[in-house]
Amino acid sequence: MRYTNKDYLNYVNNQDSLFYSPNLTKGFDKQKYSINTFVNSKWQHKIDNNWESYLINVDTLPNQGWKIHITANISDAQQLLEVVAKILIPKEVSFKFLPDKYSLLMANSKYADRAESGKFITIYPESTKSFLELLDILTKATRKFEEGPYILNDKQWKDSNVYFRYGGFKPIYAKVNGSIVPVVKAPDGQWVEDIRAPSLGHHITIYQNSLKNQKS
């Protein structure tokens with residue numbers, strides 16, 4: 001069985017023990033997040049322990065590109081999700097979100113993976129044009145909500161709850177420097193590590209080089 005980087009969060013918040021121990025969700029608010037926007041049969045709806053996903057046009061979704069992340073304050077996350085979903089679904093843009101209040105709380109706890117911290121909604125625009133259009137649309141739509149946690153490995157857009165980074169859309173792994181890691185393809189066709197750490201420069205460089213090659 002393969003575990004994700006969030007699976008351990010259910011084991012670390014036991015104030016009565018110095019060690020990892022299970023069954024720590026008791027007493028926490030497990031309020032589910034949900035959307036009420038209509039989705040037709042073209043959409044794939046998936047739920048796992050970490051994310052609830054609404055995916056469309058999966059076959060044409062690129063392997064990598066500009067991703068948008070939305071952060072949220074826990075007090076109004078459900079309302080923010082409803083607003084964002086009403087924008088994305090008519091535009092047929094795939095997205096996923098943390099499934100419940102407990103997951104959002106744990107994702108922003110001191111134990112959370114820094115690469116995931118702050119991310120409430122992840123959005124997958126199919127093109128650079130769609131990505132650029134969505135930045136301002138989502139910023140305007142989420143201005144009324146409280147400021148969410150800062151996303152460390154993204155670039156913030158106009159001091160808003162909207163962030164972005166360049167990286168993989170689909171789970172592609174390759175050996176880089178002797179280790180199997182998530183990767184994206186560089187302009188020269190080589191696989192390079194999709195570094196998910198508090199730094200954006202690596203991904204900006206890949207994309208800028210890609211644009212230069214397209215123009216030449």
Side-chain angles (χ1 to χ4, degrees), residues 1-14 20-58 61 67-125 134 138 141-142 145-154 160-165 167-171 182 196:
M1 178 182 294
R2 182 180 175 186
Y3 294 94
T4 70
N5 57 12
K6 291 183 184 177
D7 288 316
Y8 73 95
L9 289 177
N10 290 328
Y11 296 82
V12 297
N13 199 28
N14 190 347
Y20 289 96
S21 59
N23 301 321
L24 300 179
T25 59
K26 183 178 179 181
F28 282 86
D29 189 341
K30 295 289 287 185
Q31 172 194 336
K32 295 287 186 181
Y33 294 130
S34 61
I35 64 170
N36 54 22
T37 305
F38 173 76
V39 291
N40 57 38
S41 59
K42 293 194 299 183
W43 290 81
Q44 295 183 22
H45 181 212
K46 299 180 179 180
I47 303 177
D48 58 30
N49 291 332
N50 300 313
W51 297 99
E52 182 164 351
S53 303
Y54 285 85
L55 307 173
I56 194 167
N57 302 328
V58 176
L61 194 68
K67 291 192 283 190
I68 298 175
H69 291 113
I70 307 293
T71 186
N73 187 289
I74 202 165
S75 65
D76 57 12
Q78 174 60 49
Q79 291 79 13
L80 183 147
L81 173 61
E82 292 172 1
V83 167
V84 171
K86 287 180 181 178
I87 294 170
L88 300 179
I89 289 174
K91 292 181 176 294
E92 298 190 342
V93 179
S94 296
F95 66 100
K96 66 182 181 181
F97 56 90
L98 294 177
D100 53 56
K101 191 173 182 179
Y102 175 76
S103 297
L104 182 57
L105 179 65
M106 288 292 95
N108 294 299
S109 73
K110 66 180 180 180
Y111 303 108
D113 184 345
R114 296 301 91 187
E116 297 295 329
S117 182
K119 300 172 184 177
F120 175 45
I121 306 172
T122 301
I123 302 166
Y124 302 97
L134 284 169
L138 292 168
T142 58
F145 295 99
E146 292 188 38
E147 183 179 1
Y150 196 90
I151 300 177
L152 295 174
N153 61 324
D154 280 23
S160 68
N161 281 341
V162 179
Y163 290 73
F164 65 94
R165 69 184 287 264
F169 283 8
K170 300 177 181 179
R196 302 178 183 187

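All figures in this text were calculated on a predicted structure; none of them were measured in a lab.
Side chains of Ile123 and Leu138 form a contact here, defined as non-hydrogen atoms less than 4.5 Å apart. For the pair Lys91 and Leu134, the minimum side-chain heavy-atom distance is below 4.5 Å. A heavy-atom distance below 4.5 Å is not found between the side chains of Val58 and Ser94. For the pair Ile35/Phe95, a side-chain contact is recorded, criterion being any heavy-atom separation below 4.5 Å from C-beta on. Between Glu52 and Lys32, the closest side-chain pair of non-hydrogen atoms is not below 4.5 Å. Annotation: side chain of Trp51 is in contact with side chain of Leu98 (closest heavy-atom distance under 4.5 Å).
Within the model, atoms CG of Asp76 and OG1 of Thr142 stand 10.0 Å from one another, a figure rounded to the nearest 0.5 Å. Between atom CD1 of residue Ile68 and atom CG of residue Leu88 there is a gap of 8.0 Å, rounded to the nearest 0.5 Å. Gln79 contributes atom CD, which lies 10.5 Å from atom CG of Asn73 (distance to the nearest 0.5 angstrom). Note that CG of Leu105 and CD of Gln31 are 12.0 Å apart. Values are rounded to the nearest 0.5 Å. Atoms CG and CZ, from Leu81 and Phe145 in turn, are 9.5 Å apart once rounded to the nearest 0.5 Å.
The two atoms that bring Leu80 and Asn161 nearest to each other are CD1-ND2, 4.1 Å, heavy atoms only. Nearest heavy-atom pair, Phe38 versus Ile89, reported as atom, atom and distance to 0.1 Å: O-CG2, 3.4 Å. Considering all non-hydrogen atoms of both residues, Asp154 and Lys119 come closest at OD1-CE, 4.2 Å. Across all their heavy atoms, Tyr150 and Tyr163 have their closest contact at CD1-OH, 3.2 Å. Considering every non-hydrogen atom in both Ile87 and Pro90, the closest pair reads O-CD, 3.6 Å. Closest heavy-atom contact between Tyr124 and Lys67: CE2-CD, 3.7 Å.
Without hydrogens or angle criteria, Ser53 side chain to Leu55 main chain gives no donor-acceptor distance under 3.5 Å. In this structure a side-chain-to-backbone donor-acceptor pair under 3.5 Å is present from Thr71 to Pro149.
Checked against side chain to side chain donor-acceptor pair (under 3.5 Å), Ser41 has no partners two or more places apart in sequence or in another chain. Checked against side chain to side chain donor-acceptor pair (under 3.5 Å), Gln78 has the following partners two or more places apart in sequence or in another chain: Glu82.
The number of heavy atoms from other shown groups lying within 6.0 Å of NZ (Lys170) is above 12.
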> Is there a side chain to side chain contact (heavy atoms under 4.5 Å, CB included) between Val84 and Phe97 once you walk through the steps?
Replying inline: CA-CA 11 Å; Val84 171; Phe97 56 90; over 6 Å; no
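The aromatic rings of Tyr54 and His45 sit parallel to each other, their planes meeting at less than 30°, with 60° as the upper class boundary.
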